[in-house]
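Shown next, in structure tokens, is the structure this report addresses.
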Amino acid sequence: MLDLKFIRENAGAVRHAAQVKGVDIDIDDLLRVDRELVDLKQRVEAMQAERNANAKLVPKASPEERPALIQKGKDLAEEIRGLEPALRAHEDSLKVMLLRVPNIPHPSVPVGKDDSENVELRREGTLPEFDFTPLDHVDLLEKQGWSDPERVARVSGSRSYLLKGEAVMLEMAVLMFAMDFLAGRGFTPLSTTALARPDAFVGSGHFPGGEDQVYKIEGDELMLAGTAEVPVNSLYAGEQLSLDQLPVTFAAISAAFRSEAGSAGRDVRGLIRVHEFRKVEQYVLCEASEEVGLEWFAKILGNAEALLAALELPYRVVQNCTGDMGAGKVLMYDIETWVPSEQVYRETHSCSYLGDWQARRTGLRYRDAGGKLVFAHTLNNTGVAAPRILVPLLENHQQADGTIRIPAALRPYLGGKEVIGQPV
Ligand SMILES: Nc1ncnc2c1ncn2[C@@H]1O[C@H](COS(=O)(=O)NC(=O)[C@@H](N)CO)[C@@H](O)[C@H]1O
């Protein structure tokens, strides 16, 4: 959400942001409702002032004058009550419109309509060269008896997953490694629920607009979040943080649930796109400064890159274009990790800086050095998401005999093993 004053004074920039982000909102319509609301408020205030002044005259009035003054007071009260519905209606529609106003993208963001126009910034790591025919992750899991897709599909339908044996230990090892790694970089570990109230989805910016991606619970207001970003971003909602509490940095592990509505037919095989997964989320709440925000953006991006480097996985960093960054972002980079079986880089991390757009709609404020109450800035990036990360992990580190080489960084989390699986 942007500051209404900012929108009034920068209508052109806001209109341009909506246009390049493909956000369907009429800024002129919003400003019209805003003006009408200001006018209504001024009329009500004038009538209330007149009514108060009139009320002061009654006790001093003569018996002859008093009835007319009392009637005038009643008429004014009636007129004010008559304006209440219009006032309420304007306030409600302005609030809904403000929630849909997109953030202004950073000047460095390329204009584009969708992910095909994201810009590759750099590639890191060496692509694997196999002296045998590499398998994809589904076949690798099946060969080692680490999966049971038919049975789990019977029980839980499509886009479900089940891991067995050492693949489970690998998934847990990757998650634990990410938590350890981030804790070692000063992030406070959190293990948190994915259940959250609708307000938390509004605060993060997933609502309005992303309702169809979220699993709801019959008869319960709680919903299942697709990322820990949703509940974590609302932990401090409505509070007044002090400067010395900033920056708040969390490494939040949680389940994540996504309906994947609209993804029909995409990634239906294997672990890339499932309805429930686990994610270690990097979340930062910092002071309201673009310079500080961009420093944190570089840090959380660097954390994810360092994690991938430790997992010895080749990846590339892309800058999301305006059409593939969502309404709330100022800046967004995806990290895509090499998947040999597809011979492409696939998204495994998504790093975002949102300025005060989330903080304003969540009510995340702190007292700055001058004692002024200001909205904070927020950022988030994936630390690691499993099982998706297992796809490049298994495929890049597979050996000719079907076993999987374990990167040195993960070995401590797998009892020191350098290889998992049996030669097949
Ligand atoms: N349906 C899914 N199945 C498996 N993994 C997924 C799914 N959806 C997203 N992910 C993983 O979760 C990561 C983050 O998802 S995201 O929507 O891109 N971004 C966020 O959720 C942000 N909060 C940063 O983590 C993705 O990069 C991907 O690795």
Side-chain angles (χ1 to χ4, degrees), residues 115 118 137 156-163 171 174-175 178 182 187 190 192 194 196 200-201 203-206 209-210 212-215 224-234 250-285 296-297 300-301 303-305 307-308 311 313 315-318 320 324-329 331-339 345-354 357-358 362 378-393:
D115 61 353
N118 291 347
H137 74 282
S156 305
S158 63
R159 296 196 190 284
S160 58
Y161 83 98
L162 170 148
L163 293 174
E171 182 182 49
V174 161
L175 291 167
L182 294 171
F187 283 64
L190 286 186
T192 180
F201 293 83
S204 63
H206 288 81
D212 67 343
Q213 296 300 318
V214 172
Y215 282 121
L224 290 166
T227 171
E229 176 194 347
V230 170
V232 171
N233 179 61
S234 277
F250 288 132
I253 185 163
S254 79
F257 298 87
R258 302 193 183 196
S259 72
E260 289 296 339
S263 300
R266 282 177 62 199
D267 306 314
V268 292
R269 179 176 151 84
L271 305 178
I272 282 264
R273 195 177 297 276
V274 291
H275 285 315
E276 177 190 358
F277 57 100
R278 330 246 180 268
K279 179 161 58 55
V280 171
E281 178 79 354
Q282 297 181 79
Y283 176 85
V284 176
L285 185 154
W296 273 109
F297 184 85
I300 58 178
L301 181 74
N303 290 343
E305 290 194 59
L307 277 160
L308 285 172
L311 297 176
L313 292 173
Y315 64 87
R316 69 174 187 166
V317 181
V318 299
N320 295 60
D324 186 44
M325 71 189 306
K329 319 298 176 65
L331 189 63
M332 183 177 181
Y333 289 5
D334 280 351
I335 300 180
E336 300 176 350
T337 306
W338 182 250
V339 176
Y345 290 93
R346 294 299 307 265
E347 182 207 313
T348 52
H349 296 72
S350 188
C351 186
S352 297
Y353 170 44
L354 298 106
W357 190 86
Q358 277 182 327
T362 309
T378 60
L379 303 100
N380 63 77
N381 187 15
T382 317
V384 81
R388 183 176 292 192
I389 197 65
L390 299 187
V391 173
L393 201 56

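Remember, it's 1-based here, ligands and their atoms both numbered in the order they're listed.
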What protein heavy atom is closest to atom 18 (O) of ligand 1, reported as residue, atom name and distance in Å?
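Checked against all protein heavy atoms, atom 18 (O) of ligand 1 sits closest to E347 OE2, 3.0 Å.
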
Quick one, F187 and I300 - any side-chain contact, counting heavy atoms below 4.5 Å?
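A side-chain contact exists here, since the closest heavy-atom pair is under 4.5 Å.
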
Please examine the side chains of L308 and I389, heavy atoms only from C-beta on, and report whether any two atoms are closer than 4.5 Å.
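In contact.
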
Within the structure, does V274 bring an N/O atom to less than 3.5 angstrom of an N/O atom in ligand 1?
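N/O-N/O distance under 3.5 Å: yes.
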
Heteroatom distance test (T227, ligand 1): nitrogen or oxygen, under 3.5 angstrom:
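Yes; at least one N/O pair falls below 3.5 Å.
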
Residue S350 vicinity, atoms of ligand 1 by number, heavy atom under 4.0 Å
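Within the 4.0 Å cut-off of S350, ligand 1 contributes 18 (O), 19 (N), 24 (C).
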
Tell me whether ligand 1 is touched by D334 - counting only heavy atoms on the residue side and a distance under 4.0 Å.
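Heavy atoms of D334 never come under 4.0 Å of ligand 1.
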
Counting heavy atoms only, which of R258, H349, K279 is nearest atom 16 (S) of ligand 1?
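Minimum heavy-atom distance to atom 16 (S) of ligand 1 goes to R258.
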
Mind checking whether Y215 and H275 have parallel, tilted or perpendicular rings, split at 30° and 60°?
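Correct class here is perpendicular.
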
Once you restrict to heavy atoms under 4.0 Å, what part of I389 touches ligand 1? Side chain, backbone, both or neither.
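For I389, no heavy atom sits under 4.0 Å from ligand 1.
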
How does H275 reach ligand 1, by side chain, by backbone, by both or by neither, if only non-hydrogen atoms under 4.0 Å count?
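Within the 4.0 Å criterion, H275 makes no contact with ligand 1.
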
Under 3.5 Å: donor-acceptor pair, side chain of R278, backbone of I253:
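Such a contact is absent between R278 side chain and I253 backbone.
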
Step through it carefully: locate the ring centre of Y333, locate the ring centre of F297, and say whether they are under 6.0 Å apart.
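Yes; F297 has its ring centre under 6.0 Å from that of Y333.
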
